[in-house]
Amino acid sequence: MRFTIGLPTDHVDRAEEFVTGEAVMECARTAEAAGFDACFVTDHPAPDAKWLAGGGHHALDPFVALSFAAAATTRIRVQTHILVLPYRNPLLTAKSVLSLDVLSGGRVILGVAPGYLKPEFGALGVEFDERNELTDEAIDVMQRLWTDGEIETVGRHFRTRGTTMRPLTVQRPHPPIWIGGNSTAAIRRAAERGQGWVPFPNPGGLTSRVRTPELSNLDELERRMHILRDHAAAIGRTAPIDVCFSPFADDAASTLTELPTLEALGVTWAVLHTEPVTTRSAWIDSVQALGDAVIAPFRDQAPTGPR
């Protein structure tokens with residue numbers, strides 16, 4: 001199992017601590033030194049005031065933020081968790097992903113989803129009810145751009161008479177695409193179009209707010225893992241599918257106990273979280289503690305396992 005962590009770039013109330021180029025680079029270096037395999041940022045280019053007042057958060061542009069993280073490190077992967085694909089023209093997204101993959105030396109993990117924040121769609125001029133179709137279209141177009149050399153296609157809201165992209169992505173045939181969401185549609189999208197699936201722990205009370213089904217216990221995760229495997233088998237897919245999930249446990253000792261169960265279910269990446277912090281130094285201490293209390297002992301339990 002591998003480990004990923006979110007960079008604290010959403011802490012805009014303490015921007016001088018967390019939302020500077022120096023802060024992003026130091027946090028990424030800390031995560032790498034602590035043994036994390038990836039670090040991630042979220043995507044909210046135009047969140048509305050009501051959502052922010054109810055607990056939502058601001059976010060830096062993910063490709064800009066992750067470029068700073070990549071420039072400060074050598075090994076750790078840079079991950080979108082997640083990028084809302086319908087917000088952007090797929091050719092622009094493909095170029096941004098390609099650029100980051102080239103400049104990072106092939107370290108991009110592209111986590112994507114259709115999105116759920118309806119007012120943000122309105123602010124960006126995107127039809128909310130088209131989000132699933134736009135997501136599938138974007139994945140297909142990006143994969144063709146990265147692999148076919150030249151494409152000529154007409155999309156829902158764009159057309160190209162022949163587009164190429166150079167240089168090639170470092171990762172071939174392209175950076176892995178992980179599909180976010182708990183719904184059956186998301187699971188099927190992961191099996192049909194992705195290289196990974198990213199379900200989200202979601203207590204029932206938040207289901208309507210984030211527009212993804214409840215996922216509040218290991219039994220429910222196991223049920224959805226069966227859906228993933230069954231659909232992959234039904235369509236003849238044999239390639240492995242990464243699964244990235246946040247443990248339900250809320251402390252280091254319980255997380256360490258839960259990880260073998262998640263791994264047995266088929267989870268290949270674990271999202272770890274720091275304690276709530278107000279300073280960069282406290283965040284750094286918390287990340288180092290996760291490395292010492294969770295990552296190192298877990299790997300010591302299975303020294304021959306994959307990283």
Side-chain angles (χ1 to χ4, degrees), residues 1-11 31 36-44 47 51 54-57 59 62 79-84 109-117 177-191 194 196-229 241-277 283 286-287 289-290 293-295 298:
M1 183 178 288
R2 300 183 182 186
F3 297 90
T4 184
I5 190 167
L7 298 175
T9 53
D10 58 331
H11 291 26
F36 282 90
D37 301 281
C39 59
F40 65 82
V41 296
T42 58
D43 181 31
H44 282 293
W51 182 74
H57 63 273
Q79 174 188 3
T80 56
H81 185 70
I82 51 70
L83 185 79
V84 183
I109 298 172
L110 183 64
V112 303
Y116 66 89
L117 193 56
I177 300 174
W178 292 359
I179 310 299
N182 300 343
S183 68
T184 300
I187 295 170
R188 288 175 175 169
R189 183 176 288 122
W197 175 46
V198 187
F200 303 99
N202 182 29
L206 295 179
T207 297
S208 60
R209 179 184 169 191
V210 300
R211 298 179 185 267
T212 198
E214 179 178 354
L215 206 173
S216 57
N217 56 64
L218 290 170
D219 288 340
E220 181 58 32
L221 176 62
E222 182 177 19
R223 187 181 76 82
R224 293 182 186 278
M225 291 291 295
H226 282 303
I227 295 173
L228 177 68
R229 293 192 183 100
I241 301 174
D242 275 308
V243 178
C244 180
F245 189 70
S246 175
F248 292 105
D250 57 6
D251 62 79
S254 300
T255 297
L256 189 59
T257 300
E258 185 180 335
L259 288 175
T261 302
L262 291 175
E263 191 170 47
L265 290 178
V267 174
T268 57
W269 285 76
V271 181
L272 302 185
H273 302 278
T274 65
E275 297 293 328
V277 296
W283 190 89
S286 184
V287 171
L290 286 172
V294 178
I295 297 176
F298 179 78

ask   = Which atom names give the shortest non-hydrogen contact between Phe248 and Ser216, and what distance separates them?
value = CE2-C, 3.5 Å

note = Rounded to the nearest 0.5 angstrom, the CG-NE2 distance for Asp251 and His273 is 13.0 Å

task = Flag the pair Leu218 / Leu262 as yes when at least one side-chain heavy-atom distance between them is below 4.5 Å, and no otherwise.
result = yes

message = Before you tell me yes or no, could you show the steps for Leu259 and Phe3 under side-chain contact (heavy atoms from CB on, under 4.5 Å), namely the whole-Å CA-CA distance, both residues' side-chain angles and the distance that decides it to 0.1 Å?
response = CA-CA 11 Å; Leu259 288 175; Phe3 297 90; 3.7 Å; yes

note = Taking every heavy atom of Pro247 against every heavy atom of Thr255, the minimum-distance pair comes out as CG-CG2, 4.0 Å

note = Of all heavy-atom pairs linking Pro260 and Thr257, the shortest is CD-O, 3.3 Å

task = Hey, can you tell me if His57 and Trp51 have their rings parallel, tilted or perpendicular (30° and 60° cut-offs)?
result = tilted

key: Contact summary for Ala186 and Gly180, nearest pair of heavy atoms   = CB-O, 3.8 Å

key: Smallest separation among heavy atoms of Cys244 and Pro199, with atom names   = O-CD, 3.3 Å

message = Please check: side-chain N/O of Glu258 versus main-chain N/O of Ala249, any donor-acceptor pairing under 3.5 Å?
response = yes

message = Leu228 vs Val243, test: side-chain contact (heavy atoms from CB on, under 4.5 Å). Steps then yes/no.
response = CA-CA 10 Å; Leu228 177 68; Val243 178; 4.1 Å; yes

key: Candidate pair Val267 and Thr261, rule side-chain contact (heavy atoms from CB on, under 4.5 Å), full reasoning   = CA-CA 9 Å; Val267 174; Thr261 302; over 6 Å; no

key: Residue pair Val198, Val271: steps toward the side-chain contact (heavy atoms from CB on, under 4.5 Å) verdict   = CA-CA 10 Å; Val198 187; Val271 181; over 6 Å; no

ask   = Counting N and O atoms only, with roles assigned by atom type, does the side chain of Asp10 sit under 3.5 Å from a partner on the main chain of Ala59, one being a donor and the other an acceptor?
value = no

query = What distance do Phe40 atom CZ and Leu7 atom CG have between them, rounded to the nearest 0.5 Å?
reply = 8.0 Å

key: Those residues that, when tested against Glu220, pass side chain to side chain donor-acceptor pair (under 3.5 Å) (two or more places apart)   = Arg223, Arg224

request  = Working to the nearest 0.5 Å, report the span between CG of Asp37 and CH2 of Trp269.
outcome  = 5.0 Å

message = When you measure from the side chain of Thr80 to the backbone of Gly111, do you find a donor-acceptor pair of N or O atoms at a distance under 3.5 Å?
response = yes

key: Ring centre gap for Trp283 and His11 strictly below 6.0 Å   = no

key: Where Arg229 and Gly266 come nearest, the two heavy atoms and their spacing   = NH2-CA, 3.7 Å

query = Looking at CD of Glu275 and CG of Asp250, how far apart are the two atoms once the value is rounded to the nearest 0.5 Å?
reply = 8.5 Å

key: Side chain proximity check, Phe245 to Met225, heavy atoms < 4.5 angstrom   = no

key: Straight-line distance of Leu272 CG to Phe36 CZ, nearest 0.5 Å   = 4.5 Å

query = If only atom types and distance count, is the side chain of Trp197 paired as donor or acceptor with the main-chain N or O of Gly181 below 3.5 Å?
reply = yes

Any side-chain heavy-atom pair of Leu290 and Thr274 under 4.5 Å = yes

request  = Starting at CG of Leu215, measure out to CG of Asn182 and round the result to the nearest 0.5 Å.
outcome  = 4.5 Å

ask   = Any side-chain donor-acceptor pair under 3.5 Å between His81 and Thr4?
value = no

query = Can you list the residues that meet the side chain to side chain donor-acceptor pair (under 3.5 Å) rule with Asp242, with sequence neighbours excluded?
reply = Thr268

